Trainee: 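The structure under discussion is supplied below as structure tokens; questions concerning it will follow.
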Protein chains: 2
Amino acid sequence: MTETPRERYRAQVRTEIKERAWEQIATAGASALSLNAVAKQMGMSGPALYRYFAGRDELISELIRDAYRSLADAFRAAAEPAPDPAALARALRAWALADPQRYFLVYGTPVPGYHAPSDVTGIASEIMTTLLDACATLPPAGPRTPFDAHIEDHRLWAAGHPAPPAVLRRALTCWTRLHGVLSLELAGHFTGMEFDPALLFEAELDALLG
Amino acid sequence: MTETPRERYRAQVRTEIKERAWEQIATAGASALSLNAVAKQMGMSGPALYRYFAGRDELISELIRDAYRSLADAFRAAAEPAPDPAALARALRAWALADPQRYFLVYGTPVPGYHAPSDVTGIASEIMTTLLDACATLPPAGPRTPFDAHIEDHRLWAAGHPAPPAVLRRALTCWTRLHGVLSLELAGHFTGMEFDPALLFEAELDALLG
DNA sequence: TCGATGAGTTATAGCTTCTAACCAACGCGA
DNA sequence: TCGCGTTGGTTAGAAGCTATAACTCATCGA
């Protein structure tokens with residue numbers, strides 16, 4: 001497992017490329033990411049980057065992978081010491097506000113042709129698992145809904161998690177509702193409307209858990 | 001108001017350009033929209049399109065404007081003969097599924113530098129008004145929340161709509177929650193998870209209005 | 001020390017947006 | 001009916017992008 005100096009150099013350059021790429025994405029969006037500009041910013045010329053990434057798509061795929069990984073880590077950290085949906089939700093918002101374009105790389109507009117790298121599904125299910133664990137700690141809410149019946153027969157996505165259907169449904173609604181407020185806030189659809197997005201987020205969280 | 005033949009021809013070419021652009025966007029996403037390809041598809045060569053649009057950005061702005069207009073019209077049509085939030089919600093989903101990329105042009109990932117044309121705010125507030133009208137027909141729900149107090153002091157965005165704060169809050173939650181489920185569905189985050197997105201949407205609608 | 005590996009370079013093809021210059025056709029007024 | 005201006009369309013070209021090919025040179029290992 002001892003790394004040669006070459007490998008260390010290579011890894012270091014790769015991470016610097018990704019850092020510059022993140023800067024560009026944060027200021028101009030993922031669609032404006034330019035390998036040329038990244039290379040020029042690093043003092044080397046264009047095609048040198050192709051030693052490190054097969055192309056623009058592979059670089060973006062790598063960034064998406066890292067974004068998923070980062071979110072999964074933030075979730076895992078927020079689930080300590082005890083799983084708590086509210087803590088998870090606030091961690092999600094903090095993670096999103098720290099770098100909105102990173103959030104959009106995960107949950108934003110998909111490019112019709114593009115397929116995310118296959119290993120992100122593993123990370124996505126890791127995220128879902130921590131969310132399910134947290135939702136399982138909540139007191140069972142309300143009567144059984146028709147959707148619970150449907151989900152009981154279609155719980156393959158829960159990856160064998162032993163939670164009852166009501167918990168699965170709760171996790172799903174946590175996901176969709178928090179994404180709803182967050183993505184609209186990050187996309188700037190609340191600017192100009194006077195209210196405080198943080199309060200709306202907390203209100204939605206209250207309605208979800210209270 | 002009588003149009004000269006020149007103006008009619010000009011308007012026709014403009015709409016054909018937009019139609020081709022929509023086709024491209026539907027199949028490859030807005031980031032892949034190429035003026036050159038549109039022109040070639042119409043049998044004319046590249047720079048000819050600049051007689052009709054100042055550039056790629058203006059064309060996209062025009063498409064965004066049309067998308068807003070289309071959504072506002074769909075909403076207005078769904079509010080006949082009587083305002084009904086459930087009808088509005090289902091119209092929204094149908095409108096979104098008919099052309100997901102059109103939905104993302106309105107509610108998708110924003111480009112940091114880009115600013116939407118100023119007149120879409122008028123259309124957006126028209127959409128919000130029909131939503132508020134529909135939500136005002138619902139029986140008042142639940143106790144007064146802390147967020148109601150906040151929104152009562154920050155209701156500038158309601159554009160003078162006379163609805164009480166509880167209705168404003170309801171309209172906001174309709175917006176964010178429906179967008180939450182819809183955008184995740186359209187982005188393909190539910191593919192692989194076995195359940196039926198339509199049922200999840202209906203379940204969320206039930207929770208919202210029931 | 002020599003040879004292979006690999007990082008970085010320039011050159012080039014092909015794509016894009018967009019400007020400039022030019023041409024031709026259309027329509028309107030005299 | 002005859003010009004002449006407006007306007008649509010063209011080609012040429014600049015600047016930028018992705019990506020490949022070919023080449024140079026340093027570094028690392030045997």
Side-chain angles (χ1 to χ4, degrees), chain A residues 1-25 27-64 105 111-115 117, chain B residues 1-25 27-64 105 111-115 117:
Chain A
M1 205 46 174
T2 163
E3 302 190 0
T4 75
R6 276 238 162 111
E7 284 170 346
R8 292 211 306 182
Y9 178 75
R10 181 174 179 82
Q12 180 182 336
V13 174
R14 268 181 73 100
T15 64
E16 184 175 351
I17 291 173
K18 293 201 278 185
E19 284 171 10
R20 304 290 184 178
W22 277 120
E23 294 169 9
Q24 274 201 16
I25 287 181
T27 63
S31 61
L33 173 62
S34 153
L35 290 191
N36 246 326
V38 168
K40 215 172 294 179
Q41 218 173 5
M42 291 178 61
M44 43 191 202
S45 231
L49 295 200
Y50 288 81
R51 296 278 175 197
Y52 299 92
F53 295 94
R56 213 186 88 113
D57 282 9
E58 195 184 283
L59 173 56
I60 290 187
S61 288
E62 188 78 17
L63 297 181
I64 290 178
L105 223 49
V111 175
Y114 179 80
H115 268 296
Chain B
M1 206 43 177
T2 163
E3 301 188 0
T4 74
R6 273 234 159 112
E7 284 170 346
R8 293 210 307 184
Y9 178 74
R10 182 175 179 80
Q12 179 181 338
V13 173
R14 268 181 73 100
T15 65
E16 183 174 350
I17 292 173
K18 292 201 278 185
E19 283 171 10
R20 305 289 183 179
W22 276 121
E23 294 169 10
Q24 274 201 18
I25 287 181
T27 62
S31 63
L33 172 61
S34 154
L35 291 191
N36 246 327
V38 168
K40 216 172 295 179
Q41 219 172 5
M42 292 179 60
M44 42 192 205
S45 229
L49 296 201
Y50 288 82
R51 296 282 174 194
Y52 299 93
F53 296 94
R56 213 186 91 111
D57 282 8
E58 195 184 282
L59 174 56
I60 291 187
S61 289
E62 188 77 18
L63 297 181
I64 291 178
L105 222 49
V111 175
Y114 178 81
H115 268 295

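Residue numbers start from 1 in every chain, and the chains themselves are labelled A, B, ... in the order their sequence lines are given, proteins ahead of strands. In this text, all values refer to a predicted model and were calculated from it rather than measured experimentally.
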Trainee: Could you please name the option among D/dT18, C/dT10, D/dA12 that lies closest to any side-chain atom of A/Leu35?
Mentor: D/dT18
Trainee: Mind checking if B/Arg10 touches a base, just sugar-phosphate, or nothing, with heavy atoms under 4.0 Å?
Mentor: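 If one applies the 4.0 Å heavy-atom cut-off, B/Arg10 turns out to touch the sugar-phosphate alone, with no base involved.
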Trainee: In whole angstrom, what separates B/Phe53's CZ from C/dT17's P?
Mentor: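 Rounding to the nearest Å, CZ of B/Phe53 and P of C/dT17 are 14 Å apart.
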Trainee: Of the nucleotides C/dA11, D/dC17, D/dA12, which one has an atom closest to the side chain of B/Pro47?
Mentor: D/dA12
Trainee: Under 4.0 Å, counting only non-hydrogen atoms across every strand here, what does A/Tyr52 touch: a base, just sugar-phosphate, or nothing?
Mentor: sugar-phosphate
Trainee: I need the OH-P distance between B/Tyr50 and D/dT11, as an integer number of Å.
Mentor: 16 Å
Trainee: Rounded to whole angstroms, how far apart are CZ on A/Arg51 and P on D/dT20?
Mentor: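 After rounding, the reported distance stands at 12 Å.
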Trainee: CD/B/Gln41 to CD/B/Glu16 distance, rounded to the nearest 0.5 angstrom?
Mentor: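 Atom-to-atom, B/Gln41:CD and B/Glu16:CD are 9.0 Å apart.
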Trainee: Once you round it to whole Å, what is the distance between C1' of C/dT17 and CG of B/Leu49?
Mentor: 11 Å
Trainee: Looking at CZ of A/Arg20 and CG of A/Leu33, how far apart are the two atoms once the value is rounded to the nearest 0.5 Å?
Mentor: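 One gets 13.5 Å once the value is rounded to the nearest 0.5 Å.
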Trainee: What is the distance, to the nearest angstrom, from the CE atom on A/Met44 to the C1' atom on C/dG6?
Mentor: 13 Å
Trainee: Counting just side-chain N and O atoms, does A/Tyr9 come under 4.0 Å of either OP1 or OP2 of C/dG8?
Mentor: yes
Trainee: So what does B/Leu33 touch, heavy atoms closer than 4.0 Å: a base, only the sugar-phosphate, or nothing?
Mentor: sugar-phosphate
Trainee: So, does B/Ser34 get its side chain near the phosphate of C/dT17, meaning an N or O under 4.0 Å from OP1 or OP2?
Mentor: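 Yes.
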Trainee: Which nucleotide in the set C/dT10, C/dT19, C/dT17 lies at the smallest distance from any side-chain heavy atom of B/Arg56?
Mentor: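 Between C/dT10, C/dT19, C/dT17, the one nearest the side chain of B/Arg56 would be C/dT17.
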Trainee: Do B/Val38 and B/Glu23 have side chains that approach each other closer than 4.5 Å (heavy atoms only, starting at C-beta)?
Mentor: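 Result no, sub-4.5 Å side-chain heavy-atom pair not found.
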Trainee: Expressed in angstrom and rounded to an integer, what is the separation of A/Glu16 atom CD from C/dG8 atom P?
Mentor: 11 Å
Trainee: Tell me: CZ of B/Arg6 to P of C/dC28, nearest whole Å?
Mentor: 9 Å
Trainee: Find the distance B/Ile60:CD1 to C/dC18:C1' and express it as a whole number of Å.
Mentor: 15 Å
Trainee: For a quick test of reading the model, state the closest non-hydrogen atom pair linking B/Ser31 to A/Ser31 and the distance between them.
Mentor: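 Taking every non-hydrogen atom into account, CB-CB, 4.2 Å.
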Trainee: Can you tell me how far CZ of B/Arg10 sits from OG1 of B/Thr15, rounded to the nearest 0.5 angstrom?
Mentor: 12.0 Å
Trainee: Does C/dC15 have OP1 or OP2 under 4.0 Å away from a side-chain N or O of B/Asn36?
Mentor: no
